[in-house]
Amino acid sequence: MLSPIILVPAVLNGLLTGAVYALVALGLTLIYGVLHIINFAHGALLTCAMFAAFFAHRLLGLDPYLAALGLTPVFFCLGYGLQRFVIGPAAHGEDRNILLVTLGLAVVIENALLYAFRADTRTINLPYGFDVVEVGPAFLSVPRVIGFGVVIAVALALWLIMRFTDTGKAIRAVAREKLGAELSGIDVAHIYAVTFGLGTACLAIAACLLLPTYYVNPHAGNAFVLIAFTIVVLGGMGSVAGALLGGLIIGVVESLSGLYLGESLGQVGIFIIFILVLLFRPSGLFGERA
Amino acid sequence: MAELLAIEGLQAGYGATEILRGIDLAVNENEIVAVLGSNGAGKSTLNRAISGVLPPWRGTIRFEGKAIERARPSAIVAQGLIHVPEGRRIFPNMTVAENLDLGCYARARARRAENRARVFGIFPRLAERQAQSAGTLSGGEQQMLAIGRGLMAEPKLLILDEPSLGLSPKLVEELFALIQRINAQGIALLLVEQNVMQSLEVARRAYVLDNGAIVLQGSAADVRDDPDLKRAYLGM
């Protein structure tokens, strides 16, 4: 057993990393919960958002946190348009078509990024990029502490939207009872697109939170989406609360298994959890029993 | 009496299979019209075509004079043609109050509170359970909720698809009394039912659907006394 002086910082750092994982997973689980499809373009869209944040800084000199304010609505519109005018019409109402269309989108986006920016890895330098704050025995990276706070705020905002706005109620209605929603006058194609837009907007925020401490290249998003998928399964497919809690758990698991097994094996713990969940609780923490 | 809904030569189906083979049907203002027919006669397909969920192949559907056969379901609801589907289709993950509120999503949103009070007046049971999750209601309560959700939109025409399905005889009795009360508020109803005799008691006119075509129509009394009813409906 390691001493608390090592353990506590590991857990806290895990929570901070997990929060950004949770945000990526939140977008994925939201889309799954309503459209009942896995969005294979999620990783590529995250990469897009990271490039957007990178160039907002490089070309316009915008701080990533400031850029988030602009990129979030832009990516909402991008997601809305993709679902409404590309994925929806191309799917002809069949779920497996949607799956293939999003997979195709991912291939197109990734290769377009490779063509435009090559496989180079880019980072940005911010004056506060390496700042730390001391919490008990731990030194925590300031950008990641900010990220944690933003993720909690976004999750809360999303919960309020789903709970109290007409659009949020319509999203929940469509998720569970599509025909009943249609006959209540809810435009299902619009709600699908809004949901896809919200999921994509989450990626824009995640990208802006990542950039101060992370690099970007045309495949940067993929690493997060694989983990996000594990989180969605752990939290329960379609559950917003599950994604948040699952993300934090996975962050801590990654950090602790890195501590015990060595940094290069940190992600082993995540996939052991993934297999255990599939074996013993396939519906996840907050999932509804089939 | 003004015509509210007018359907002419309606053909519709799934894939290559034609289900409705040319339907002519009308509902006038303030009228209860029954559509009767056995399982598989095409009743639900007719409802789905009227409410825009299933785009018809041919024919016209006019609501208050406006063609709606190519309109989206949400636009049809916005005009005041509300379809309470078979199997209730309530939102089980949401509270009774939220279910009702969504009935006002496309129409009558400004008068949500008044409409909710009116629905609670008709269904006091729903008022008691407004904070309860709709999925935990009994079958009869879920049917009330489905009808209540439809009433929230201030319908001009309410289509009820098999509302008595799965209800106890006593609840069926209450349901037909309720249908008359709704009609007394000036709402026209298209009642699609397998429950022939009770439907004919409350309806002014009736159509009998068999194998995708109308085989019998007329005033409720005429249809009830027609010897063809038994033959068309029961296949005797």
Side-chain angles (χ1 to χ4, degrees), chain A residues 29-30 32-36 83-85 88-89 92-94 97 158-195 235-243 283-284 286-290, chain B residues 14-15 44 47-48 50-55 71-95 97-110 112 133-135 142 145-155 158-161:
Chain A
T29 207
L30 198 62
Y32 178 82
V34 179
L35 283 78
H36 307 294
Q83 167 61 30
R84 186 94 198 221
F85 304 114
H92 298 285
E94 282 219 42
N97 291 349
L158 213 50
W159 182 78
L160 290 172
I161 290 173
M162 298 298 261
R163 190 88 180 74
F164 295 109
T165 68
D166 280 331
T167 302
K169 287 177 190 170
I171 290 173
R172 284 157 61 211
V174 170
R176 278 301 291 274
E177 182 44 72
K178 194 174 140 196
L179 178 62
E182 236 175 343
L183 292 176
S184 300
I186 295 169
D187 184 345
V188 172
H190 170 71
I191 291 298
Y192 273 8
V194 167
T195 308
M237 309 280 283
S239 163
V240 169
S283 60
F286 290 85
E288 278 151 30
R289 270 156 241 268
Chain B
Y14 305 94
S44 287
N47 287 341
R48 292 166 70 90
I50 296 173
S51 51
V53 177
L54 178 73
R72 298 155 70 84
S74 52
I76 293 173
V77 168
Q79 288 183 49
L81 198 171
I82 313 295
H83 171 186
V84 178
E86 182 183 349
R88 293 123 199 189
R89 303 285 182 169
I90 54 156
F91 309 122
N93 51 333
M94 304 173 80
T95 65
E98 285 175 325
N99 266 268
L100 291 176
D101 285 355
L102 281 172
C104 288
Y105 186 82
R107 192 179 150 78
R109 207 184 273 213
R112 179 174 281 173
S133 157
Q142 290 192 6
L145 179 58
I147 296 174
R149 185 178 66 186
L151 290 173
M152 291 293 287
E154 301 179 356
L158 193 63
I159 301 178
L160 298 181
D161 194 349

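The chains referred to below are lettered A, B, ... by the order of the sequence lines, with proteins before strands, and numbering in each begins at 1.
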- [ ] Pick one of side chain, backbone, both or neither for A181(A), based on which atoms fall under 4.5 Å of a heavy atom in chain B.
- [x] both

Open item on the list: For chain B, which candidate among E182(A), K178(A), H190(A) shows the most heavy-atom pairs at distances under 4.5 Å?
Closed with: E182(A)

- [ ] Mark yes or no for whether T195(A), through its side chain, and I171(A), through its backbone, hold a donor-acceptor pair below 3.5 Å.
- [x] no

[X], part contacting chain A, at a heavy-atom distance under 4.5 Å:
X      : value
N99(B) : neither
R48(B) : side chain
I76(B) : neither

TODO: Please determine if E154(B) and R109(B) form a salt bridge, counting it only when a charged side-chain N lies under 4.0 Å from a carboxylate O.
DONE: no

Open item on the list: Ignoring hydrogens and geometry beyond distance, is a side-chain donor-acceptor pair present between S133(B) and N93(B) at under 3.5 Å?
Closed with: no

Task: Cation-pi check, R149(B) onto Y105(B) ring (under 6.0 Å, within 45° of axis) - done: no

Task: Verdict with supporting geometry, M94(B) and L102(B), side chain to side chain contact (heavy atoms under 4.5 Å, CB included) - done: CA-CA 10 Å; M94(B) 304 173 80; L102(B) 281 172; 3.7 Å; yes

